[in-house]
Each structure stands twice: as structure tokens, then as C-alpha cells.
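The structure appears right after this line, and notes come after that.
Note that these values count all heavy atoms, side chains included, but never hydrogens, waters or copies made by symmetry.
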Amino acid sequence: MKTFRKKIRIENAEAFRLEYYEGDKELKSKEFTSYKAMEQFHNRQTDFMYLDLNRYALINNKWHRFLKLNSPIVFQKEIDFINKI
């Protein structure tokens, strides 16, 4: 018997978390109340040593990792990259 998984909707997220490196070897993490606030923080980073790593959404008291895609159309090259990471 096949079981179905409930679809996770990012619109239902209560909080967001961004993990990143900022010049040193220590992984930093910052939480946000909205996706817009997280993207604004990310876009303001001008330090050449800044590297965003993981994005998480808190849905039903559980952190779910997600990827930000540049386009709604995904080509094989991007699928291979997603599978690799």
C-alpha cells in the first residue's frame, strides 16, 4: 500500500532560518519572522567572504530545509546540482 506524504507549503511557515559563513570557519545562523526579512538580510551582505549555506522554514514546529530557485523552470543542470548537494 502506497502512503502519501502531506505537501509542505512555505506559506504556512512561522519562522525562517538562514545558515551562513562570514569570513571565518564558524557556521552562523540567524532567524527571521518572514521570508522577506531573510531575503533582505541576504541581499544586504556585501562582504566578499559571505557565503549562504542552508535555508530553513519552521512549519508545524519542525524545521524544513528548502532551496531558493532562480526560475520556476528547472533544467537538468539545476536538477543535477540539487541532487549533488
Inset, instruction - Could you tell me the separation between the NZ atom of Lys28 and the CD atom of Glu22, rounded to the nearest 0.5 Å? - result: 4.0 Å
Inset, instruction - Find out if a path of hydrophobic residues (ILVMFWY) with successive side-chain heavy-atom gaps under 4.5 Å connects Met38 to Leu58. - result: no
Legend entry - salt_bridge(Glu39, Arg44) N-O dist < 4.0 Å: no
Inset, instruction - Please assess Asp52 against Arg55 for the test side chain to side chain contact (heavy atoms under 4.5 Å, CB included), listing each intermediate value before the final yes or no. - result: CA-CA 8 Å; Asp52 67 320; Arg55 296 165 189 258; 3.1 Å; yes
Legend entry - Single-linkage hydrophobic cluster Ile10~Trp63, side-chain heavy atoms < 4.5 angstrom: no
Legend entry - Rounded distance [0.5 Å steps], CG in Asn60 versus CD1 in Ile8: 8.5 Å
Legend entry - Close aromatic pair by centroid cut-off 6.0 Å: Phe41 and Tyr20: yes
Inset, instruction - Would you confirm whether the ring centroid of Phe32 sits within less than 6.0 angstrom of the ring centroid of Phe16? - result: no
Legend entry - Side-chain heavy atoms of His64 within contact of Lys62, under 4.5 Å: yes
Inset, instruction - To the nearest 0.5 angstrom, please state how far the CD atom of Glu19 sits from the CG atom of Leu51. - result: 11.5 Å
Inset, instruction - Assess Arg65 against Tyr56: is NZ or CZ under 6.0 Å from the centre of the six-membered ring, and within 45 degrees of the ring's axis? - result: no
Inset, instruction - Spell out, yes or no, whether Tyr35 and Leu18 are grouped together once hydrophobic residues are joined by side-chain heavy atoms under 4.5 Å, including indirect joins. - result: yes
Legend entry - Minimal non-hydrogen separation, Glu26 against Tyr21, with atom names: O-CD2, 3.6 Å
Legend entry - Atom CG of Asn43 with >12 non-hydrogen neighbours under 6.0 angstrom: yes
